[in-house]
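Heads up, the thing below is written out as structure tokens.
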Amino acid sequence: MGALIGIALTSIFVQNFVLVKFYGICPFLGVSKKVDTALGMGMAVTFVMTLASIMTTICQKYILVPLKIEYMQTIAFIVIIAALVQFVEMFLQKSIPSLYSSLGIYLPLITTNCAVLGVALLNVRSASVISSAESYTLIEAIVNGFSAGLGFLIAIVLFAGVRERLESSDIPKALQGFPIALISASLLAIAFLGFQGMNF
């Protein structure tokens with residue numbers, strides 16, 4: 001149990017996919033102008049990451065490895081992630097059309113979000129914290145996927161809050177818009193680097 005908590009805390013804070021590893025920057029910068037939109041995107045990414053971790057780990061252990069076609073790993077994982085994103089897209093379009101329209105082009109971009117593919121690949125390639133296995137067990141993969149998604153959610157919501165606050169701030173004209181957003185993102189990333197000194 002302690003090792004699973006270690007995996008979770010590492011994925012959320014120490015190895016945050018956006019602010020430490022710099023994966024998934026496109027939706028992070030594109031959908032972070034409003035907190036509610038950022039929250040919706042963060043939840044969608046967390047859902048996809050968690051399900052992708054389950055499906056890709058099962059695919060790796062029970063299809064790719066037994067058939068000795070591990071070289072098809074990236075293609076298989078992208079197909080699984082694309083199918084999951086289609087499911088999320090259809091669900092949002094029917095259930096929450098306002099969120100679906102506000103996410104716009106960034107929702108289908110979850111398919112090519114390197115953070116989602118990255119967590120799936122890390123699950124099957126990372127050394128396990130619990131054992132000396134070359135890849136995470138299914139439980140470890142689920143915890144890692146959910147925690148990585150939660151880390152993405154925290155990062156994008158924090159950044160959206162900063163950007164909303166900047167809208168009403170007196171900023172020099174040369175820094176208004178995207179330049180101040182990049183400076184804010186870099187300062188947030190520096191703050192998260194403080195977790196690197198923590199040992200979980």
Side-chain angles (χ1 to χ4, degrees), residues 1-18 20-28 31 40-96 100 103 105-156 200:
M1 187 66 175
L4 292 177
I5 292 170
I7 291 172
L9 292 175
T10 299
S11 295
I12 295 169
F13 299 111
V14 181
Q15 294 294 324
N16 186 284
F17 269 66
V18 180
V20 176
K21 293 187 175 183
F22 307 115
Y23 296 164
I25 295 294
C26 178
F28 175 72
V31 194
M41 175 57 106
M43 288 192 298
V45 169
T46 303
F47 179 75
V48 171
M49 274 188 176
T50 306
L51 279 184
S53 294
I54 297 168
M55 302 300 291
T56 54
T57 302
I58 290 170
C59 175
Q60 174 77 8
K61 291 188 177 181
Y62 299 106
I63 298 172
L64 300 179
V65 171
L67 294 176
K68 298 187 183 344
I69 53 171
E70 295 96 325
Y71 58 88
M72 295 290 290
Q73 187 181 73
T74 305
I75 294 169
F77 288 5
I78 288 172
V79 169
I80 290 168
I81 292 164
L84 289 171
V85 171
Q86 279 297 109
F87 171 74
V88 170
E89 199 171 348
M90 289 187 299
F91 173 78
L92 288 178
Q93 193 171 12
K94 287 188 181 279
S95 305
I96 318 169
Y100 174 79
L103 291 175
I105 187 66
Y106 294 100
L107 188 57
L109 280 178
I110 295 175
T111 304
T112 56
N113 186 341
C114 56
V116 180
L117 181 59
V119 77
L121 291 172
L122 287 172
N123 284 338
V124 298
R125 293 181 184 169
S126 291
S128 172
V129 172
I130 292 174
S131 64
S132 59
E134 289 182 7
S135 62
Y136 284 139
T137 64
L138 183 59
I139 298 297
E140 290 175 318
I142 293 168
V143 169
N144 189 46
F146 177 75
S147 302
L150 196 57
F152 181 90
L153 173 67
I154 290 168
I156 198 169
F200 292 116

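Numbers for residues simply follow the sequence, beginning at 1.
- Here the shortest heavy-atom pairing between I58 and L138 reads CG1-CD1, 4.2 Å.
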message = Determine whether N144 and S11 satisfy the following criterion, side-chain hydrogen bond (donor to acceptor under 3.5 Å, both in side chains), listing intermediate values before the conclusion.
response = CA-CA 6 Å; N144 189 46; S11 295; 2.5 Å; yes

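- The shortest distance between side-chain heavy atoms of V45 and P27 does not fall below 4.5 Å.
- Annotation: the span from L4 atom CG to T137 atom OG1 amounts to 7.0 Å, rounded to 0.5 Å.
- Between atom CD1 of residue I80 and atom CD1 of residue I75 there is a gap of 12.0 Å, rounded to the nearest 0.5 Å.
- Looking at every heavy atom in both residues, G149 comes nearest to T46 through O-OG1, 2.8 Å.
- Here the CE-CG distance, from M49 to L117, works out to 10.0 Å after rounding to the nearest 0.5 Å.
- Here the side chains of F87 and F47 are in contact, with some heavy-atom distance below 4.5 Å.
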query = Going through the distances and angles, do M41 and I156 end up as a side-chain contact (heavy atoms from CB on, under 4.5 Å)?
reply = CA-CA 8 Å; M41 175 57 106; I156 198 169; 4.2 Å; yes

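- Of all heavy-atom pairs between A155 and V18, the closest is CB-CB, 4.3 Å.
- Taking the side chain as every heavy atom from C-beta outward, M72 and I69 approach each other to under 4.5 Å.
- Proximity of L150 to M43: side-chain heavy atoms (C-beta onward) are nowhere separated by under 4.5 Å.
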message = Could you go through T57 and Y136, starting from their C-alpha distance and side-chain angles, then the distance that decides it, and tell me whether this counts as side-chain contact (heavy atoms from CB on, under 4.5 Å)?
response = CA-CA 8 Å; T57 302; Y136 284 139; over 6 Å; no

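- Between Y71 and K68 the shortest heavy-atom distance is CE2-O, 3.9 Å.
- Atoms CZ and CD1, on F152 and I12 in that order, are 14.5 Å from each other to the nearest 0.5 Å.
- Few gaps surround CZ on F77; more than 12 heavy atoms of other groups in view lie less than 6.0 Å from it.
- Minimum heavy-atom separation, V119 to G145: CG2-CA, 3.8 Å.
- Interatomic distance, CZ of F17 versus OG of S147, reported as 10.0 Å (0.5 Å rounding).
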inquiry  = Run M90 and V85 through side-chain contact (heavy atoms from CB on, under 4.5 Å) and show every step you take.
reply    = CA-CA 9 Å; M90 289 187 299; V85 171; over 6 Å; no

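- The CG atom of L92 lies 9.0 Å from the OH atom of Y100; values are rounded to the nearest 0.5 Å.
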query = Is there a side-chain contact (heavy atoms from CB on, under 4.5 Å) between V14 and L9 once you walk through the steps?
reply = CA-CA 7 Å; V14 181; L9 292 175; over 6 Å; no

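- For R125 and Q73, the side-chain atoms include at least one donor-acceptor pair closer than 3.5 Å.
- V116 is listed as a side-chain neighbour of I110, based on a closest heavy-atom distance under 4.5 Å.
- The closest side-chain donor-acceptor pair between N123 and S53 falls under 3.5 angstrom.
- Here the shortest heavy-atom pairing between V65 and K61 reads CB-O, 4.3 Å.
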